Participant: 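Attaching a single structure in structure tokens format; questions to follow.
None of the values given here were measured: they were computed from a predicted structure. Throughout, a chain's letter reflects where its sequence line sits, starting with A, and its residues are numbered from 1. Reckoned from all heavy atoms, side chains included, excluding hydrogens, waters and symmetry mates.
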Amino acid sequence: MFSSLLTWWQWIIVGAIPLGVLSLYFLKLKRTPIEVPSTYLWHKSIEDLHVNSIWQRLRNNILLWLQLLLLLLAIIALLNPTFQGTKLVGSRFIFVLDNSASMQSRDVTLDGETVSRLEAGKQQVRALIESMPEGAVAMLISFADGAQVMQPFTDNPTDLLRAMEQIQPTDKPTSLTEALRVSSGLSNPTRTGSEEQDRIKASVMPAKLYVLSDGNFDVVDFALGALEPEYRKIGKGAARNIAITAFSVDKNVNDSTKIEAFASVDNFGPDEQSVVAELYLVGLPRPLDAVRVDIQPSRSQGISFPLARDFESGVLELQVRPESAAGDDLRIDDKAWVVVDNPHRARVLQVSATQNNELRFALSTRRFQDLISLKTVVLEEDPTYLESETYQLESRSGVYDLIVFDRCVPPDRPSPDGSTDEQETEMPLCNTMFIGTAPKLASWGWVAGEEWPPPLYLSQPKIIDTDRSHPIMQSVSLGNLLIVEGFGMAPPSGGRKLIDSNVSREADSALLTIGPREAFEDLILSFDLVNEDGYNTEWMLRQSFPVFVWNMVKYMGSPRDALSLASVSPGDPIELKIDSVESNEVTISTPGGETHTVARTPQQTFLFTRTDEVGIYDMRSDGKSVAKFAVNLFNPQESNIPPNDNLEFLYEPVPATEVTETVKQEWWKWLAGLALVVLLVEWFVYNRRVSL
Amino acid sequence: MATVSESLLSPQLLAQLERLELVTRKIFRGRMKGERRSKRKGQSVEFADFRNYVPGDDLRFIDWNTYARLDRMFLKLFMEEEDLHFYALLDASMSMDFGTPSKLLYAKQLAAALGFIGLIRADRVKVESVGQPLAKRLPALRGRANVWRLLKQLEEIEPGETTGLAQGIKNFCLRNSGKGIVVLLTDLMDKGGYQEAIRYLLAQQMDVYVVQILSQEELEPDVSGDLRLIDCEDGDVAEVTVNGPLMKRYKETLNSFVGGAKEFCSRRGMTYLLANNQTPVEELVTSYLRTRGLVR
């Protein structure tokens with residue numbers, strides 16, 4: 001079996017060398033002239049050598065034969081012949097190699113050396129590429145949470161091998177679906193829609209699909225069609241792994257004055273393991289705390305470390321290691337980080353036409369005190385507030401996360417031509433909630449010149465449906481809620497009806513609607529809570545009201561009450577809202593030392609997607625560290641490294657194909673050594689003029 | 001002159017040569033009275049034969065005793081002793097100028113030694129080179145007193161003659177019709193072949209000795225590498241790459257050449273001798289030529 005190390009034009013050069021050597025033998029030698037008594041005998045002796053045929057002339061020239069033999073050996077060595085290996089059957093192959101986090105497990109022995117599963121997988125891919133029949137084409141795909149086509153279909157094994165070398169391990173979770181979608185692109189033809197024209201648009205190109213993986217992912221819900229799968233299992237069944245599957249810092253549930261670090265450590269191996277867990281504060285050389293726990297096989301163990309009461313911010317790192325040296329085959333889940341920071345308090349502005357104590361009370365509970373900072377304005381007392389410069393400035397600069405307009409609307413946007421007919425409401429740069437009224441926005445169904453505020457044409461509407469799937473309406477029960485009067489709304493495009501009523505005008509029947517506005521969302525409750533006559537509804541007396549307010553503030557104001565920032569899985573995007581940053585650009589340096597520049601989004605956040613590796617990411621603005629966030633694996637599926645024996649495609653199991661370790665022996669070293677011996681013999685012959 | 005003589009013939013050699021004489025297997029008619037038995041019946045003391053008396057015979061040779069017994073007259077015949085013609089024919093082509101000592105010098109020494117033997121045995125000695133023009137005749141030498149003249153003639157032979165072997169010998173034969181011993185001293189390296197040349201000698205019915213003189217360089221060439229061999233006589237070029245097979249082939253060619261010459265000569269009743277220029281002339285004359293029967 002040969003797999004050439006050279007490309008075609010390099011082969012042409014190599015092929016020309018023997019011809020060059022041969023031609024050297026036809027060149028006129030520079031001969032030393034010597035006078036002899038007579039050339040009579042010499043002429044008779046060399047008569048044979050003067051025969052015109054080149055083969056006669058080259059006959060018995062052992063130096064030439066030795067040189068040609070030397071070159072032949074060198075060329076065969078360049079062909080890189082290998083021993084063992086069977087030819088693959090077929091003409092189209094797709095090699096799909098897993099490079100997810102679990103493939104970093106070092107539990108495979110190759111040539112007496114412990115290597116990672118990815119290395120073993122590459123070795124198998126190499127063997128597969130080298131055993132491809134002549135003229136067959138193959139594609140190489142690597143996959144983790146997504147798929148990457150390393151090499152499109154080609155018949156050049158060199159390109160495939162080169163692409164294979166470029167596959168690097170990642171810390172990401174595993175999903176085969178995208179890889180399969182890419183693979184099936186050419187194999188499975190798409191069909192036209194209508195029945196009479198239902199014919200295959202492209203010809204079916206069946207391909208053999210080699211999945212090289214440890215199989216640690218979900219059932220693949222994908223129809224393979226013309227793909228013929230073969231699963232090459234990589235990794236040994238008795239792999240052992242200790243993993244941190246959760247790590248966070250929070251207040252003690254019983255005593256909120258105490259802060260604790262919680263972690264969950266799993267043993268995915270077949271034996272009981274004794275594990276040492278050490279908690280570090282990044283920057284300090286000595287651990288803050290350490291604990292030893294014994295974990296049963298396939299069990300999880302919670303660990304908690306009490307932290308100092310005044311601990312406010314910093315990066316905590318947790319390291320676990322089994323006491324037995326060989327107890328852990330995968331290292332990247334042995335460390336976890338958590339960034340401890342002050343909670344982010346949502347800034348909420350409540351603007352009420354008259355005093356609305358019920359809403360104010362609901363926003364001022366003890367739980368809300370930690371979560372939001374509330375500012376309440378009553379227009380009865382400060383009628384010019386919405387026109388004031390303070391409001392204008394704050395609403396335009398995005399100081400607030402949420403503004404609740406209770407029976408009032410912000411002033412209209414000044415029209416460029418000065419006419420007042422078609423003016424719309426100038427909305428603040430944040431999420432808003434309107435109670436008992438609606439903004440003058442065309443997207444909300446307001447027609448220029450139409451009557452405003454909207455007439456309260458609904459009398460005692462009955463609630464017939466709530467959208468429980470929306471976060472705002474979760475656990476909100478509104479059975480038989482009494483509402484005196486209100487008006488109906490229809491959600492704008494992209495919006496949702498959250499509370500629907502029984503009014504006959506179907507389109508405008510919603511009592512609570514939510515709709516998008518550029519980067520923000522507007523929530524409209526189309527009935528008053530209180531009005532000049534008193535209560536307009538009994539909702540405030542029900543349990544569901546504070547739940548609704550809580551949901552609403554959590555959703556619209558997005559406050560953060562936990563001490564630690566949420567951890568992100570590798571490959572997942574993270575959206576950061578940093579109030580202290582003024583510039584529109586920040587740089588984020590990864591644990592690997594790379595630096596990325598991230599621009600501010602319209603939502604006043606920073607969206608970072610290059611969370612490829614686990615560790616601490618540092619966000620800097622103007623050279624100053626403004627925030628840190630942690631990327632942790634925290635993925636039991638990846639950490640559970642014993643390989644799967646079956647892959648399931650649409651619940652059809654594909655058993656692993658047993659592949660004994662490829663004992664591929666490369667012969668080029670021996671050939672090169674033999675060529676050296678031939679070179680020595682040639683040297684000896686040349687010097688000794690051995691007559692053969 | 002004395003130095004020249006000594007270079008050709010050392011005193012020690014002369015002392016050895018004093019005891020030798022030239023021998024021929026054939027009996028020739030001489031020209032003058034000498035020490036050799038002649039075909040001719042003559043007046044020596046040695047009885048040869050009887051023959052019938054015919055009128056006119058010298059009565060002094062009638063065997064009277066036989067007449068008394070048989071009553072018939074017989075004439076008593078006696079052996080005649082005459083001198084012997086000894087020719088030394090030297091090849092003086094350019095190729096003979098090679099070797100240490102040069103093949104020509106070696107040939108001259110050999111010719112001088114044999115000529116000396118002839119002179120002291122009262123034979124007629126003549127030394128010629130192959131390239132000697134047809135018209136030019138040198139006198140035959142006789143008697144010990146002419147040794148110096150013999151040596152002088154040899155000295156005057158210079159290498160560089162261009163006459164082919166066959167043409168030279170033809171000229172020699174035309175010049176010298178007499179019978180006798182001829183010793184041809186040559187390397188036989190003639191592109192035209194030696195066979196024709198030797199046939200001329202054979203036609204003269206002479207007692208022919210062919211001494212092929214080859215230098216050590218020809219017998220055992222000490223060359224290596226990629227060479228351009230130039231023939232010193234005609235400038236012919238042979239390009240060779242000396243290696244094992246070529247040397248083997250050269251030896252084979254040389255052996256077949258030497259062997260061919262030897263066979264050619266012995267088939268025709270000639271005596272062939274291969275002389276290496278490294279063999280001393282004394283040894284050659286006293287040992288090799290004695291076994292070949294040229295000297296005694």
Participant: According to salt bridge (Lys or Arg N to Asp or Glu O under 4.0 Å), who are the partners of Glu263(B), at least two apart in sequence or on a separate chain?
Facilitator: Arg267(B)
Participant: Salt bridge (Lys or Arg N to Asp or Glu O under 4.0 Å) with Lys103(B): which residues, sequence neighbours excluded?
Facilitator: Asp187(B), Glu218(B)
Participant: Under a 3.5 Å threshold, yes or no: a donor from one side chain and an acceptor from the other, between Glu233(B) and Ser93(B)?
Facilitator: yes
Participant: Given heavy-atom pairs under 4.5 angstrom as the criterion, report whether the side chain, backbone, both or neither of Val223(B) touches chain A.
Facilitator: side chain
Participant: Indicate yes or no: does Glu119(A) engage Arg117(A) in a salt bridge with an N to O separation below 4.0 Å.
Facilitator: no
Participant: Go through Ser95(B), Cys232(B), Gly99(B) and name the one with the most non-hydrogen pairs under 4.5 angstrom from chain A.
Facilitator: Cys232(B)
Participant: Just checking heavy atoms, which of residues 189-203 of chain B are less than 4.5 Å from chain A?
Facilitator: Met189(B), Asp190(B), Lys191(B)
Participant: For Arg175(B), give me all partners under salt bridge (Lys or Arg N to Asp or Glu O under 4.0 Å), at least two apart in sequence or on another chain.
Facilitator: Glu128(B)
Participant: When rounded to the nearest 0.5 angstrom, what is the spacing between CZ in Phe257(B) and OH in Tyr40(A)?
Facilitator: 5.0 Å
Participant: Taking atom CD of Glu283(B) as the centre, report whether more than 12 heavy atoms of other residues, nucleotides or ligands fall under 6.0 Å from it.
Facilitator: yes
